[in-house]
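These notes concern the structure reproduced below.
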Amino acid sequence: MAKNILYFLLLILFVISCGKDVVIIENPPPPIITDEIYEVNLVGFASDENQEYISQVKIRLDGNDFETDDSGLFYVSKSQIGKRGKVLQVEKDGYLTGFTRIAHHQGLEDINLNVNLLKAPPSVSIGVAGGKLESDAGDLQIGSSAINQTGDFVFRTFFGENTGLGNNDFLYFANEVNYLLKEATFYVDGTAMLNEKANLKIALDKEKFTSTDLSSLNLFVFDETDLQWKKKPFQYREENEIIEFEIDSYGWWTIADEVSAVYAQLNVLENDDQLVNSAAASIFFENSNYSGPELYTSLGGSISTYFPIDKSLSVSLNSGAYISEIISGFSVNDLEKNIEFEEDIQVQFEGLVYNCDFTFSDGYYAILTDGQHKVKKISNGLLSGETFTSTDDLVFNFYSEDFTYKSSKQIDLSYLTSNTQSFLSCSDLSDNLIVSNSSELIQDFEMCRVKVRPKETVVIGENSDDEVFLASFEGDGVGTFEGLIYFPLITDNDVQPEVEVNIVLYDESQNKVGGFIRTEYLSTDEELTISFIGNIE
């Protein structure tokens, strides 16, 4: 693979601190060539061209169908990803059929990806005599020999980057990868059967092409069976600044220049030459100022796309640094460049996530604010992340490890960034109080009320047998407080009454208080855990 001078788009790294750091640029071996297969979970959203979430999108992978939920989110567990990646096919009425290739990521348990669907234009009915459809800077002419029945047709053109075929711009060979620099991409579909020698004529505006040498371009069709681009003969004629040529099938087509891919890796050093982090190895392209959408991690960084940040690609590194914005005019042969990190580009936050019994939760959270399409894992209850947002509130959705929806929470961003916020990932927010030991349920109180007073807060648990639990403590917020408990009908006063009351959830907006208390039997020292969720009174 060519290693000569490569001019590419330099991705600037942002962190929360200021100061000058050094970016070292290397040319590592292409990570995509490895034959190793990785088992990963696929987590992502489906969105439209305005980055608005789309629900009930059908997603097909390896012959299996999945569907996005009401928030546009989908989850596929344990997918086997080889060196050519995997391709998701996405469909929804009113949108063009799309295909998104998942890259061959190294060392990632979860891959966060976003599937963009493009609006389908209104269909046009055309009879056997033929007809014409118009699109952006292009026309589709259907000859009388193309079909033998009336049908509804759709035609849409794109110039430059096309999000409807995300990350499908690669051609894979035995020892190398080439990239398609797309000039024009278009989609044709119809309900009428095409004849064996179909005559579908495409006319495109030459002014929309950036290439001055059209003879160097090739025509490709996306093969929906093999899920990759296939080269087709490209015979065109040029007249009055219009490029005319014929195609013989429905689907996605593109006119593109085929170039060799070159890989680079960005290493971030502090002024004392200490390695901050090794950035993702990124694909760039020889003799081109274009940077492709594929980004790979060799050191376990996480990959995610954020919106709306000029629709640029962002990569989160282990150190908390970010690749977020693009400039041009830098050479691999220069090897290093001083950059100055900007301050407060993103907001960092952290929190603790609990299950219904207030043990630490494992699972996932998704941020739904500002169309960020962000999903991250929760391990041992720790929620940490970053957000780019133009609003004061963030909306979180919480999911279990198998991506069952648990709960949702809206929180003020200023409070979140100045405090370690507690969240409840719990599908059952009913008012109850449960007493248990390490192996069994001791008592379940069906009702729980919390009376907040100026100097004392009282937790009251009740059930249908007129059994009552009482706890009192000084405190009116999240925290740990000294308290007393009393429930003689259950324990015959054989419990330690002096306890610590841990308030995990104190949500005045939802009128809920929740937490847990730990005590023990006086006679046996066996520990009891009392978890509760109650209405504020």
Side-chain angles (χ1 to χ4, degrees), residues 1-10 27 30 32-33 84-85 87 99-101 103 118 135-138 156-188 202-223 226-239 241-249 251-264 282-295 311 313 326 328-332:
M1 189 170 292
K3 296 292 179 80
N4 57 341
I5 295 179
L6 167 66
Y7 287 94
F8 63 90
L9 305 177
L10 175 64
N27 259 355
I32 200 166
I33 300 302
R84 291 178 56 182
V87 177
F99 299 88
T100 295
R101 184 177 297 279
L118 303 171
S135 181
D136 303 330
R156 187 173 176 187
T157 57
F158 307 86
F159 285 86
E161 184 180 358
N162 162 32
T163 57
L165 285 172
N167 300 356
N168 281 288
D169 302 329
F170 295 87
L171 301 177
Y172 298 89
F173 304 98
N175 296 310
E176 64 176 338
V177 179
N178 286 355
Y179 185 78
L180 296 182
L181 290 173
K182 293 182 295 186
E183 287 281 351
T185 304
F186 48 96
Y187 181 86
V188 180
I202 306 294
L204 301 179
D205 186 347
K206 184 182 178 182
E207 291 185 355
K208 294 291 185 178
F209 287 79
T210 59
S211 176
T212 57
D213 182 12
L214 299 184
S215 64
S216 66
L217 303 178
N218 293 300
L219 180 65
F220 298 85
V221 62
F222 191 78
D223 189 317
D226 292 341
L227 297 174
Q228 60 180 326
W229 290 107
K230 296 289 182 67
K231 187 182 295 186
K232 303 283 283 189
F234 184 35
Q235 297 176 342
Y236 67 91
R237 72 184 188 91
E238 182 179 341
E239 184 176 347
E241 298 300 314
I242 299 297
I243 306 300
E244 290 187 348
F245 54 96
E246 293 182 3
I247 61 173
D248 58 7
S249 63
W252 286 100
W253 293 77
T254 190
I255 301 172
D257 187 13
E258 185 180 344
V259 298
S260 297
V262 181
Y263 295 78
S282 305
I283 293 184
F284 301 100
F285 310 103
E286 181 185 2
N287 301 324
S288 169
N289 283 333
Y290 186 84
S291 173
E294 296 281 347
L295 290 160
K311 299 183 182 178
L313 211 55
I326 298 174
S328 60
F330 195 74
S331 168
V332 165

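Just so it is clear, the values below take in all heavy atoms, side chains as well, and ignore hydrogens, waters and symmetry mates. In this text the structure is predicted, and so the values were computed from the model without any measurement.
Note: L227 CG to R101 CZ = 7.0 Å, rounded to the nearest 0.5 Å. Here F158 contributes atom CZ and L118 contributes atom CG; the two are 4.5 Å apart, rounded to the nearest 0.5 Å. Once rounded to the nearest 0.5 Å, the distance linking CD1 of I255 with CZ of F159 reads 7.5 Å. Here the straight-line distance linking atom CG of D257 with atom CG of N218 works out to 7.5 Å at 0.5 Å rounding. Here the OG1-CH2 distance, from T185 to W253, works out to 12.5 Å after rounding to the nearest 0.5 Å. With values rounded to the nearest 0.5 angstrom, W229 atom CH2 is found 7.5 Å from D169 atom CG.
Considering only heavy atoms from C-beta on, F209 comes within 4.5 Å of I243 through its side chain. Here the side chains of T157 and I202 are not in contact, with every heavy-atom distance at 4.5 Å or above. Under the 4.5 Å side-chain criterion, counting only non-hydrogen atoms from C-beta, L217 is not in contact with Y236. Residues K232 and D248 have side chains in contact (heavy-atom distance under 4.5 Å, counting atoms from C-beta outward). Residues T210 and E183 meet the side-chain proximity criterion, which asks for heavy atoms closer than 4.5 Å.
Taking the six-membered ring where the residue is Trp, the centroids of F234 and F220 are separated by 6.0 Å or more.
The closest side-chain donor-acceptor pair between S215 and D213 falls under 3.5 angstrom.
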Do F245 and L204 pass the side-chain contact (heavy atoms from CB on, under 4.5 Å) test, and can you show the C-alpha distance, the side-chain angles, and the key distance before you say yes or no?
-> CA-CA 9 Å; F245 54 96; L204 301 179; 4.0 Å; yes

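Nearest approach of L219 to P233, heavy atoms of both residues: CD2-O, 3.7 Å. The two atoms that bring S249 and V221 nearest to each other are OG-CG2, 4.2 Å, heavy atoms only. Here the shortest heavy-atom pairing between E244 and A203 reads CG-CB, 4.0 Å.
Distance alone, capped at 3.5 Å, is enough to place a donor-acceptor pair between the D205 side chain and the E207 backbone.
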